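Beneath this line is the structure, given in structure tokens, with notes to follow.
In this text, all values refer to a predicted model and were calculated from it rather than measured experimentally.
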Amino acid sequence: MHKHLWTSVAILLSILICSAQATDKMPSAFKQLEALAGDWEGKDASGMDAKTSFKIVVANTTVMETLVAHGMEEMLTLYTVDGDGVALVHYCPTNNQPRMRAVPKTGNVKELDFQFTGAGNLPDLALGHEQRLVLRFNDESHITEEWTWRRNGKGQVTVYHFARSATPAASRSN
């Protein structure tokens, strides 16, 4: 009986230690993404309204962003830790799913530069798809998202400037 009890205690301690080590190794950039939890309001470079919200999901392993821009259907982006970086999958109204990855510099991260690594449901790279995202952490209440749409080998950049919404967010986790 005591042997099984000590074995169970040892297994539980191992799980707790591994979980704590995984959290310690989490890139600071992902922690900054988690800090974005909540609702944001802003405008694109043409002055058109845009809204986004960030929510921490899947046992605090994923940040989900829902972006709604003027004249466009809702878009969803999932951010996760990927080794020494952060990966994303963007679910686009064009029904393709670009994958991108950013490897931030160590220390205080001011921006994440996500580069295209592939896509689901994109049989030809000449078809329109999101190719790049530069996410800038301006300060605790302001971010900038710079999305590059690529079609037929040419990129078009759309910039959104967001401020944290003054209304309480239902998006915050736990």
Side-chain angles (χ1 to χ4, degrees), residues 26-58 60-105 109-165 169 171-173:
M26 183 180 295
S28 62
F30 189 76
K31 291 178 184 175
Q32 284 182 258
L33 282 169
E34 289 179 321
L36 298 177
D39 296 327
W40 297 74
E41 298 174 0
K43 298 195 179 293
D44 64 18
S46 301
M48 302 306 285
D49 289 338
K51 293 183 179 187
T52 194
S53 66
F54 294 87
K55 182 176 181 179
I56 303 168
V57 296
V58 192
N60 298 325
T61 63
T62 306
V63 174
M64 179 176 70
E65 178 184 13
T66 306
L67 173 64
V68 179
H70 179 78
M72 298 177 72
E73 293 183 51
E74 178 180 84
M75 296 169 273
L76 180 80
T77 305
L78 300 175
Y79 302 88
T80 58
V81 173
D82 183 29
D84 61 347
V86 179
L88 73 74
V89 178
H90 178 74
Y91 295 86
C92 191
T94 58
N95 197 28
N96 58 45
Q97 302 82 38
R99 295 181 301 274
M100 301 180 213
R101 188 169 190 277
V103 179
K105 296 175 176 44
V109 177
K110 293 291 187 185
E111 80 174 27
L112 290 172
D113 188 350
F114 290 94
Q115 299 290 324
F116 184 82
T117 60
N121 203 33
L122 186 66
D124 184 348
L125 288 177
L127 297 173
H129 64 280
E130 296 293 354
Q131 178 76 20
R132 181 179 181 205
L133 167 63
V134 178
L135 175 58
R136 291 188 182 87
F137 303 96
N138 303 328
D139 60 40
E140 289 182 9
S141 298
H142 298 89
I143 59 171
T144 302
E145 293 188 10
E146 189 177 293
W147 289 90
T148 302
W149 173 260
R150 188 169 183 90
R151 181 182 211 145
N152 294 324
K154 295 184 176 143
Q156 176 183 344
V157 177
T158 302
V159 179
Y160 299 102
H161 298 281
F162 291 108
R164 191 177 292 277
S165 177
S171 301
R172 297 187 198 273
S173 174

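- Checked by atom type, the side-chain pair Thr158/Asp44 shows no donor-acceptor distance below 3.5 Å.
- Put simply, the side chain of Asn96 never gets that close to the backbone of Leu122: no donor and acceptor are under 3.5 Å apart.
- For the residue pair Thr144 and Val159, the shortest heavy atom distance occurs at CG2-CG1, 3.7 Å.
- Between atom OG1 of residue Thr62 and atom CG of residue Leu33 there is a gap of 11.0 Å, rounded to the nearest 0.5 Å.
- Heavy atoms only, all atoms of each residue included: Tyr160 and Ala50 are closest at CD2-CB, 3.7 Å.
- Within the 3.5 Å criterion, the main-chain N or O of Arg99 finds a donor-acceptor partner in the side chain of Thr117.
- Phe114 has its ring centre no less than 6.0 Å from the ring centre of His90.
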Please report the C-alpha distance between Phe116 and Leu125 in whole Å, then the side-chain angles of each, then the deciding distance to 0.1 Å, and finally whether the side chain to side chain contact (heavy atoms under 4.5 Å, CB included) criterion is met.
-> CA-CA 11 Å; Phe116 184 82; Leu125 288 177; 3.8 Å; yes

Evaluate the criterion side chain to side chain contact (heavy atoms under 4.5 Å, CB included) for residue pair Thr77 and Leu67; output intermediate values, then yes/no.
-> CA-CA 8 Å; Thr77 305; Leu67 173 64; over 6 Å; no

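- No donor-acceptor distance shorter than 3.5 angstrom exists from the side chain of Ser53 to the backbone of Gly38, with no hydrogens or angles considered.
- In this structure, NE2 in His129 is found 8.0 Å from CH2 in Trp149, a value given to the nearest 0.5 Å.
- Between the side chain of Arg164 and the backbone N or O of Ile143 there is no donor-acceptor pair closer than 3.5 Å.
- In this structure, CD in Glu65 is found 4.0 Å from CD in Glu145, a value given to the nearest 0.5 Å.
- For the atom pair CE of Met100 and OH of Tyr79, the computed distance is 8.5 Å after rounding to the nearest 0.5 Å.
- Taken from NZ in Lys110 to CZ in Phe137, the straight-line distance is 10.5 Å, to the nearest 0.5 Å.
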Val58 and Leu78: CA distance, side-chain angles, deciding distance, side chain to side chain contact (heavy atoms under 4.5 Å, CB included) verdict = CA-CA 11 Å; Val58 192; Leu78 300 175; over 6 Å; no

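- Remark: side-chain polar atoms of Asp124 are not paired, donor with acceptor, to backbone N or O of Leu127 under 3.5 angstrom.
- Atoms CG and NZ, on Asn60 and Lys31 in that order, are 12.0 Å from each other to the nearest 0.5 Å.
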Applying side chain to side chain contact (heavy atoms under 4.5 Å, CB included), run through Leu36 and Phe162 and close with a yes or a no.
-> CA-CA 11 Å; Leu36 298 177; Phe162 291 108; over 6 Å; no

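- Nearest heavy atom pair, residue Phe30 against residue Val81, reads CG-CG2, 3.5 Å.
- In plain terms, the two heavy atoms of Val89 and Gln97 that are nearest each other are CG1-CB, 4.1 Å.
- Gln131 and Arg150 make their closest contact through OE1-CD, 3.4 Å (heavy atoms, listed as atom of the first residue, atom of the second, distance).
- Nearest heavy atoms, Ala163 versus His142: CB-CD2, 3.8 Å.
- Residue pairs meeting the salt bridge (charged side-chain N to carboxylate O under 4.0 Å, His left out) criterion with at least one partner in residues 70-88, sequence neighbours excluded, are Asp82-Arg101, Asp84-Arg101.
- Looking at Asp39 and Lys51, no side-chain N of the basic residue comes within less than 4.0 Å of a carboxylate O on the acidic one, giving no salt bridge.
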